[in-house]
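Predicted model, so just to flag it, every value in this text is computed and none were measured. The figures here come from the full heavy-atom set of this structure, side chains too, leaving out hydrogens, waters and symmetry mates.
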Amino acid sequence: CPATVQHNGRDPSALIKFVNYQQHCIHLTNMSSSSTIRECGNTRQERIPAALKAVFVQSNGGEEVNAPPPKETAQVVFKQDWVPSSPTFNKKKKMYRPENDKFLRKSKRKEPKKAANSASKVIAAVSKETDAKQTLQEYFDGLLKERGYDVPCYQTLKTGYYTKASQVQIASYGSRMAHIIKSSDADALRETLALGLSANPCNQYGESLLHMVCRRGDMELLQIFVEAGANLQTSDDHGRTPLHDACWTAHPAFDVVETILQRDSFMFFLQDSRGSLPLSYVHKADWPQWTEWLDNNIDTYFPAEGHATFAPSDLSGMEPESIPYTPPKTELSLELIQMVANGSMSPYEARIMADDHGDESTVASTVYSEDDSYFDSEFDSDSDYDELEDDEIVQMFQLASVRGQIGGLRL
């Protein structure tokens with residue numbers, strides 16, 4: 001138990017806390033004071049519980065004690081090293097437990113690790129935190145500002161970059177074309193575009209296959225589209241340019257980005273329908289590679305001495321759909337283009353029909369003629385068969401093969 005505390009110039013508040021602590025202990029024992037007491041201020045406190053003292057007296061007198069003191073008096077814990085804090089008691093057993101003391105729990109907490117003393121480590125940590133707060137777009141804006149560029153941003157859908165899809169573009173978008181892009185079949189794409197399909201195919205929702213190629217980072221297919229006359233200064237219905245999708249690749253495809261920027265570097269300043277610029281589409285994990293690429297190529301597209309003569313693109317000042325889409329030169333009709341794009345007709349079959357008739361309506365009237373006299377019983381006679389010219393027979397078989405009238409026959 002704590003020794004008797006006398007007020008010899010100590011802090012009075014400590015004495016008051018000690019007195020309160022002794023009062024708690026007296027309340028727990030719930031015994032009447034009967035023996036040795038000591039005086040602390042005006043409070044008389046019992047040092048040893050009466051029941052426990054009775055056990056000591058019996059033992060000292062030579063008597064044998066077989067039963068413990070009542071109410072578990074001997075198990076009451078009196079804290080040896082007293083601290084000036086309010087003790088915490090176990091409400092169920094009404095006993096003081098040091099492990100429940102909030103003051104002790106706080107004092108046992110581990111001290112935080114000391115910061116590194118090395119100045120280089122501190123500077124690296126600060127620079128890393130600064131880089132984490134700076135986005136790739138902000139880094140690009142900083143490079144432009146250092147070179148004296150102050151270029152405004154434009155909403156793509158309000159400029160001449162946006163033009164609604166034409167019928168030829170919609171007809172050229174199909175499941176077979178999408179499969180060619182996903183499988184990266186360069187030969188099939190080259191053969192199909194050479195037939196006369198649009199080099200800017202897109203569906204009625206504005207989803208473009210050219211954007212898909214850029215998003216996949218497929219430089220070979222992009223080069224085929226460019227050679228076929230694809231227009232890179234375009235956008236879909238969401239205001240995304242090919243540069244938006246080129247920045248959206250799973251892994252950086254800088255060859256695709258450079259091909260687009262060679263046509264128009266102003267695409268850096270075009271916003272989609274949500275107000276996002278192309279560099280906002282770059283994945284955060286790829287920022288280090290992009291910052292390095294920007295450092296090495298910024299002077300190619302935005303030289304320091306060119307800020308005075310730099311001007312926005314002409315299309316940025318035009319109204320939407322100012323420049324209509326120019327369809328490719330082809331002898332195929334919209335129906336044939338759509339059948340090739342969907343895969344229901346091969347380019348070879350479409351080429352035969354285009355060379356022989358040019359219009360699928362003629363083919364339909366020939367093959368699906370409702371006039372039964374063309375196939376009547378007289379047609380089966382040997383005399384009528386001999387009257388047909390050989391070239392007419394070959395042509396009929398070719399058309400029937402295209403339309404599926406003769407199963408799997410190819411001449």
Side-chain angles (χ1 to χ4, degrees), residues 134-163 199-200 208 210-219 221-227 229-236 238-249 251-283 286-320 322-323:
Q134 188 181 39
T135 64
L136 182 61
Q137 183 63 47
E138 293 172 346
Y139 183 80
F140 175 69
D141 294 340
L143 294 178
L144 294 179
K145 188 175 181 181
E146 292 176 358
R147 288 159 174 76
Y149 287 86
D150 186 14
V151 185
C153 298
Y154 294 82
Q155 296 183 10
T156 311
L157 296 179
K158 295 182 180 180
T159 64
Y161 285 88
Y162 175 69
T163 302
N200 287 91
S208 171
L210 180 64
H211 286 70
M212 183 186 297
V213 170
C214 295
R215 187 164 60 251
R216 294 174 61 86
D218 197 326
M219 181 59 196
L221 296 189
L222 177 61
Q223 191 64 35
I224 295 175
F225 272 112
V226 172
E227 294 173 356
N231 179 23
L232 298 181
Q233 294 177 304
T234 184
S235 73
D236 58 15
H238 298 283
R240 291 190 292 258
T241 64
L243 184 59
H244 281 86
D245 287 87
C247 295
W248 201 5
T249 55
H251 303 285
F254 296 120
D255 51 352
V256 174
V257 174
E258 292 172 0
T259 301
I260 298 173
L261 294 178
Q262 288 175 0
R263 294 295 184 96
D264 189 359
S265 61
F266 187 75
M267 289 187 186
F268 271 125
F269 310 101
L270 296 179
Q271 298 174 334
D272 63 6
S273 58
R274 300 179 301 175
S276 299
L277 294 169
L279 291 180
S280 301
Y281 280 71
V282 178
H283 299 290
D286 298 331
W287 285 3
Q289 300 181 55
W290 271 88
T291 54
E292 182 180 359
W293 181 86
L294 288 173
D295 291 337
N296 297 331
N297 296 272
I298 188 67
D299 291 328
T300 303
Y301 307 104
F302 304 98
E305 63 277 2
H307 65 89
T309 59
F310 183 82
S313 172
D314 294 337
L315 292 175
S316 62
M318 296 182 181
E319 295 293 327
S322 298
I323 302 178

Legend entry - Leu232/Leu210 under side-chain contact (heavy atoms from CB on, under 4.5 Å): CA gap, chis, key distance, verdict: CA-CA 8 Å; Leu232 298 181; Leu210 180 64; 3.8 Å; yes

Smallest separation among heavy atoms of [X] and [Y], with atom names:
X      : Y      : answer
Ala199 : Ala230 : O-CB, 3.5 Å
Thr234 : Pro242 : O-CD, 3.2 Å
Val213 : Phe225 : CG2-CE1, 3.6 Å
Leu143 : Leu294 : CD1-CB, 4.0 Å
Arg147 : His307 : O-CD2, 3.2 Å
Phe310 : Val151 : CE2-CG2, 3.5 Å

Legend entry - Any residue meeting side chain to side chain donor-acceptor pair (under 3.5 Å) with Ser235, in chain and number order, not counting sequence neighbours: none

Inset, instruction - Under the side chain to side chain donor-acceptor pair (under 3.5 Å) rule, collect the residues that match up with Thr259, sequence neighbours excluded. - result: none

Inset, instruction - Taking the six-membered ring for Trp and the single ring otherwise, decide whether the centroids of Phe140 and Phe268 are under 6.0 Å apart. - result: yes

Inset, instruction - Flag the pair Asp245 and Arg216 as a salt bridge only when some basic side-chain nitrogen lies within less than 4.0 angstrom of an acidic carboxylate oxygen. - result: no

Inset, instruction - Answer with yes or no whether the side chains of Asp272 and Tyr281 bring together a donor and an acceptor at under 3.5 Å. - result: yes

Inset, instruction - Tell me yes or no: between the side chains of Glu292 and Trp287, is some donor less than 3.5 Å from an acceptor? - result: no

Inset, instruction - Determine the sole option in Met267, Gln271, Gln233 for which the side-chain contact (heavy atoms from CB on, under 4.5 Å) test with Thr241 is passed. - result: Met267

Legend entry - Heavy atoms of other groups near Asn296 CG, more than 12 under 6.0 Å: yes

Inset, instruction - Would you check if the side chain of His244 reaches a backbone N or O of Ser276 as a donor-acceptor pair within less than 3.5 Å? - result: yes

Legend entry - Test item: Asp299 side-chain N/O and Pro303 main-chain N/O as donor-acceptor pair under 3.5 Å: no

Give, for atom [atom1] of [X] and atom [atom2] of [Y], the distance between the pair rounded to the nearest 0.5 Å.
X      : Y      : atom1 : atom2 : answer
Leu222 : Glu227 : CG    : CD    : 10.0 Å
Gln223 : Asp218 : CD    : CG    : 11.5 Å
Asp236 : Met212 : CG    : CE    : 11.5 Å
Asn297 : Glu258 : CG    : CD    : 5.5 Å
Tyr139 : Ile298 : OH    : CD1   : 9.0 Å
Asp264 : Phe269 : CG    : CZ    : 10.5 Å

For residues 312-320, which side-chain N or O atoms pair as donor and acceptor with protein atoms under 3.5 Å away, sequence neighbours left out?
{"residue": "Ser313", "atom": "OG", "partner": "Tyr161", "partner atom": "OH", "Å": "3.0"}
{"residue": "Ser313", "atom": "OG", "partner": "Leu315", "partner atom": "N", "Å": "3.3"}
{"residue": "Ser316", "atom": "OG", "partner": "Ser313", "partner atom": "O", "Å": "2.4"}

Legend entry - Plane angle bin for Trp293 and Trp290 - parallel if under 30°, tilted between 30 and 60°, otherwise perpendicular: perpendicular

Inset, instruction - Decide side-chain contact (heavy atoms from CB on, under 4.5 Å) for Lys145 and Asp150; before the verdict, give the C-alpha distance in whole Å, the side-chain angles of both, and the deciding distance to 0.1 Å. - result: CA-CA 7 Å; Lys145 188 175 181 181; Asp150 186 14; over 6 Å; no

Legend entry - Verdict with reasoning, Cys153 to Leu270, per side-chain contact (heavy atoms from CB on, under 4.5 Å): CA-CA 6 Å; Cys153 298; Leu270 296 179; over 6 Å; no

